[in-house]
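Here the structure is laid out as structure tokens; the discussion comes afterwards.
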Amino acid sequence: MMLNRRQALAGMTGALPLLTGAATDDYRIDPQPVADGLWMIHGADEPMLFANGGAIANIAIIATPAGTLLVDAGPSIRYGHMLRKVAETLTGQPVVRVYVTHLHPDHGMGIAAFDPTIVAALPGTIADMERDGRGFSDALYRLLGDWMRGTDLALPGRRIDQPAEDFGGRRLQLLPLAGHSNADLALLDERTGTLIAGDLLFLDRAPSTPTANLTRWRESLDALARLSHKAAIPGHGPFDPGGTRAIAQTRDWLDWLDATLRTAVQSGLDMVEAGTLPIPDRFATMAAARYELQRSVSHLYPALEAELLPRVDLPEG
């Protein structure tokens with residue numbers, strides 16, 4: 001049977017070492033309590049690297065009378081298996097639901113470790129994963145090598161089409177939003193008032209924009225700001241005890257980014273020049289700021305050039 005690159009890498013043994021080396025260490029999964037029956041695993045505030053195994057996304061664990069809930073599942077089947085063990089040891093209850101907030105692989109490739117019938121996502125996220133998931137999987141094999149061994153694309157088996165779910169009296173509001181991607185799920189734990197926002201929120205870590213629509217993202221931030229909540233778990237960065245700083249900082253970055261790139265296009269800067277523009281002092285301590293600015297230029301600049309610098313044809317004759 002012919003194997004593609006991803007399948008070949010998944011089946012490699014020590015006799016065929018990967019170029020990136022072998023992942024000899026386990027993931028370090030350290031849940032920290034942030035509210036009653038709710039823990040946050042803080043992902044590395046870094047780009048996705050072999051050194052961190054791709055474990056850069058924040059993950060929430062929620063204890064309920066009906067079982068354990070997870071919000072996102074990490075970048076690989078290896079991470080997913082470890083996450084399940086850690087979560088079930090912590091709560092003393094089996095995992096009964098895994099929510100996937102959006103399509104990006106640092107949040108969702110770990111669902112391969114779970115029965116798809118307990119994995120839930122928005123219909124738009126499932127469609128996005130069907131379309132783009134194989135490409136993300138292949139990219140992670142190239143980037144993370146042995147960390148990804150045995151991981152294959154898995155799709156959520158449950159479509160979220162209801163506004164809330166109740167687990168033995170612990171109720172979660174399920175909020176279908178968009179902007180960081182085509183479909184972004186946010187959840188509100190009614191017991192504690194904790195907002196679990198996926199990558200709609202970043203804190204002290206620059207937002208990433210590979211599939212972003214900045215207008216829709218800011219509309220979603222407006223919707224989150226109107227929620228009655230007491231704290232927030234962003235997709236990346238530290239826990240936000242007040243629940244408002246992550247919203248304000250994410251909006252501030254998006255507003256600055258949009259205005260800066262529009263000015264750069266209108267000033268005739270090329271993409272390399274735009275990626276070297278100064279970053280305001282208020283973002284100076286934000287993790288991965290220069291890295292994400294340069295990525296955002298590659299993601300957003302072509303569409304801005306098409307919008308702001310339309311083709312002008314000479315008159316015929």
Intermediate values then yes/no, ring pair (Phe, Tyr, Trp, His ring centres under 6.0 Å), W253 and F202 = CA-CA 10 Å; W253 175 273; F202 287 69; 9.5 Å; no
OG1-NE2 distance between T151 and H81, expressed to the nearest 0.5 angstrom | 8.5 Å
Let me check something: any side-chain donor-acceptor pairs from residues 53-63 under 3.5 Å, sequence neighbours excluded? List them with distances.
residue, atom, partner, partner atom, Å
N58, OD1, G43, N, 2.9
N58, ND2, P234, O, 2.8
N58, ND2, G237, O, 2.7

Mind checking ring-ring contact (aromatic ring centres under 6.0 Å, His included) for H229 and listing every partner two or more places apart, or none if nothing turns up?
-> none
For A232, all residues meeting side-chain contact (heavy atoms from CB on, under 4.5 Å), sequence neighbours excluded | L195, L201, D240
Results of side-chain contact (heavy atoms from CB on, under 4.5 Å) for T260 - residues two or more places apart only = W256, L277
Flag yes if more than 12 heavy atoms outside R28 fall under 6.0 Å of its CZ atom; otherwise flag no.
-> no
So which pairs with a foot in residues 219-237 pass salt bridge (charged side-chain N to carboxylate O under 4.0 Å, His left out), sequence neighbours left out?
-> D222-R251
Applying ring-ring contact (aromatic ring centres under 6.0 Å, His included) to W217 and not counting sequence neighbours gives H180
Taken in chain and number order and not counting sequence neighbours, the residues that satisfy side-chain contact (heavy atoms from CB on, under 4.5 Å) with A51 are none
Determine which pairs satisfy salt bridge (charged side-chain N to carboxylate O under 4.0 Å, His left out) with at least one residue from residues 292-303, sequence neighbours left out, and list them in order.
-> R205-E292, E292-R295
Could you list the residues that satisfy side-chain contact (heavy atoms from CB on, under 4.5 Å) with P105, not counting sequence neighbours?
-> M109, F136, L140
Listed partners of D128 passing salt bridge (Lys or Arg N to Asp or Glu O under 4.0 Å), at least two apart | R131
To the nearest 0.5 angstrom, please state how far the CG atom of L174 sits from the CG atom of D161.
-> 10.0 Å
Main-chain N/O of A178 paired with S220 side-chain donor or acceptor, under 3.5 Å = yes
Any side-chain donor-acceptor pair under 3.5 Å between T194 and D189?
-> no
If a pair satisfies salt bridge (charged side-chain N to carboxylate O under 4.0 Å, His left out) and one of its residues is in residues 257-266, list it, with sequence neighbours excluded.
-> R218-D258, D258-R262, R262-E307
So if you build clusters from Ile, Leu, Val, Met, Phe, Trp, Tyr with side-chain heavy-atom gaps below 4.5 Å, do L261 and L308 land together?
-> yes
Which salt bridge (charged side-chain N to carboxylate O under 4.0 Å, His left out) pairs, counting each pair once, include a residue from residues 91-107, with sequence neighbours left out?
-> R97-E165
